[in-house]
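Following: one structure in structure tokens, then a few remarks.
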2 protein chains.
Amino acid sequence: MFTKQELTDYTKEAREKWLNHISIDCVVFGFHEGQLKVLLLKMRNEAKWYLPGGFVLKQEQLDVAANRILKERTSLDHIFLQQFHVFGDPARSQPHTDMYNGMVEDKDNWFATRFITIGYYALVDFHNTVPTPDAMSEACVWCNLEEVPALSLDHGQILENALYTLRLQLNYLPIGYNLMPNEFTMPELQKLYETILGKKLDRRNFQRKILAFDILNRSEHPRKGGAHKAPYLYSFNLEKYEQALKDGLASGW
Amino acid sequence: MFTKQELTDYTKEAREKWLNHISIDCVVFGFHEGQLKVLLLKMRNEAKWYLPGGFVLKQEQLDVAANRILKERTSLDHIFLQQFHVFGDPARSQPHTDMYNGMVEDKDNWFATRFITIGYYALVDFHNTVPTPDAMSEACVWCNLEEVPALSLDHGQILENALYTLRLQLNYLPIGYNLMPNEFTMPELQKLYETILGKKLDRRNFQRKILAFDILNRSEHPRKGGAHKAPYLYSFNLEKYEQALKDGLASGW
DNA sequence: TCAAAAGTGTTATCGATACACCCATGC
DNA sequence: GCATGGGTGTATCGATAACACTTTTGA
């Protein structure tokens with residue numbers, strides 16, 4: 001991945017540019033064809049998979065850093081991002097350290113230092129996302145949640161924690177705007193909820209409950225062309241949606 | 001607070017000992033005489049108040065660091081601690097920086113660097129707590145939540161965020177074991193919930209709901225001596241309490 | 001004996017769940 | 001016309017909220 005010289009150079013530059021000891025890792029959720037997906041990177045020349053991540057500029061807001069990192073990986077702007085946990089086990093950096101061990105002295109190895117990583121989860125529109133590998137990776141791809149391979153470092157734990165948080169927040173935050181296309185049908189939205197929660201919901205009760213939140217607009221004209229009865233098209237009422245994000249929703253699933 | 005030499009020395013030592021750029025701040029909640037209280041420190045020779053905090057040893061777990069810091073301030077062990085948010089605004093360190101500005105060069109001033117602080121909230125038993133000032137403070141005292149003075153840096157924001165989290169978690173976690181004495185009456189426990197939530201609850205409904213959680217043991221003998229009808233004494237069933245912490249509680253307040 | 005604190009029970013209402021029927025469309 | 005997907009309505013159950021009565025005890 002790095003030659004000895006490159007590693008020394010990178011380290012020197014990195015120490016100047018980034019806040020030391022701090023990293024950001026992002027769990028990016030997307031939704032496509034009834035499947036919840038996560039964005040993963042594959043390390044160059046190795047069978048290792050990991051989460052999109054990066055570092056924080058010396059004078060950069062954390063949220064801005066997370067946005068910047070994700071923009072590089074997805075080409076998206078204004079991503080829905082939630083900081084959910086900090087992972088700081090001293091041992092968590094060890095495997096990463098091992099990768100470059102012995103090549104140069106530790107003081108010349110950016111990756112040999114301890115990193116506290118801030119976990120963010122993101123909800124993004126699958127169709128507008130352009131997965132883009134970073135300098136260390138040869139691939140950046142969507143992966144079905146059920147088919148996620150073993151991840152490097154503690155990234156498996158970070159992913160699990162993100163999913164847990166997402167499920168929890170489903171109970172008091174409106175979720176969907178960032179994962180659904182502009183217009184969608186009620187069954188499509190229901191599929192999203194079912195996928196996140198990992199369980200089936202009753203069609204009629206789901207509709208009643210979602211509508212009760214009063215965050216949806218129903219389009220006059222149903223979607224044409226498909227087989228069977230034409231479903232109504234909905235879109236999120238952004239004003240009410242934002243309000244619900246602030247105030248929280250009542251009750252849970 | 002510091003002389004020029006002391007600051008330079010402290011800085012040199014600190015850089016070796018602590019993880020740079022990372023701090024921990026704790027919002028310690030206690031409960032006494034029907035009042036929710038927060039532990040605050042008063043800066044030596046200044047009118048500034050702030051939250052108990054500290055730094056992380058180079059090879060220390062974050063949770064261990066938080067525990068260590070709080071043990072120094074409270075003399076308590078095994079404190080209930082919840083990491084709830086990371087605060088990393090580059091501007092947040094500025095006021096702290098100002099304090100020592102110009103005394104020495106920035107590179108010789110530990111406090112002139114940017115700090116990302118990890119917010120923890122703690123629930124502790126008021127009666128067993130021995131508030132102890134740290135090196136920079138002349139006082140460490142309990143302060144009624146409604147009477148908290150303006151806090152330095154972004155500590156006001158951290159406190160607010162902690163309270164928000166506590167209220168949120170009241171909905172799905174059993175809370176009380178760490179704030180109440182070993183034995184307590186139902187009205188006493190109710191007062192705690194009312195205080196955290198900032199609103200009155202119905203006596204009878206509260207009792208039913210709490211008992212439904214099935215985390216309490218009722219003592220055979222009521223509390224004697226007080227005026228009026230003797231209330232029953234309850235204690236937490238630790239086994240069931242721990243289980244509920246893992247599984248979460250249903251429904252909310 | 002009375003006020004105040006505490007224990008216990010009942011009813012009403014709202015929301016969640018479960019379930020049934022009607023409508024539209026392509027084969 | 002019938003299978004399938006989708007829209008709407010209703011009954012039931014449980015949890016919450018609202019509310020009343022009784023018991024104990026010290027003054």
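By convention in this document, chain letters (A, B, ...) are assigned in the order of the sequence lines, proteins followed by strands, and residues within each chain are numbered from 1.
Sorted by first and then second residue, the salt bridge (charged side-chain N to carboxylate O under 4.0 Å, His left out) pairs involving residues 27-43 of chain B (not counting sequence neighbours) are B:K42-B:E138. For the salt bridge (charged side-chain N to carboxylate O under 4.0 Å, His left out) condition, the pairs that include at least one residue of residues 171-192 of chain B, sequence neighbours left out, are B:E188-B:R223.
In this structure the side chain of B:M186 never reaches within 4.5 angstrom of the side chain of B:R203, judged on heavy atoms.
With the end axes of the helix from C:dT1-D:dA27 to C:dC27-D:dG1 each set by five pairs, the angle from one to the other reads 10° at 10° resolution.
Residues meeting the side-chain hydrogen bond (donor to acceptor under 3.5 Å, both in side chains) test with B:D89, sequence neighbours left out: A:Q61.
With hydrogens and angles disregarded, no donor-acceptor distance shorter than 3.5 Å links the side chain of B:Y193 to the backbone of B:L170.
Between B:F29 and the options B:V124, B:L39, B:L145, a side-chain contact (heavy atoms from CB on, under 4.5 Å) holds for only B:L145.
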Could I get a table of every N or O pair under 3.5 Å where one atom is in the protein and the other is in nucleotides 2-4 of chain C?
unit_1, atom_1, unit_2, atom_2, d
C:dA4, N3, B:H228, ND1, 3.3

Grab the N/O contacts between the protein and nucleotides 8-12 of chain C below 3.5 Å, and write none if there aren't any.
unit_1, atom_1, unit_2, atom_2, d
C:dT10, O4, B:R208, NH1, 3.4

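Following rounding to the nearest Å, A:E188 (CD) and D:dG5 (P) show an atom-to-atom distance of 14 Å. Between A:M186 atom CE and C:dC23 atom P there is a gap of 21 Å when expressed in whole angstrom units.
Residues A:Y177 and A:F80 place their aromatic rings such that the two centres sit no closer than 6.0 Å.
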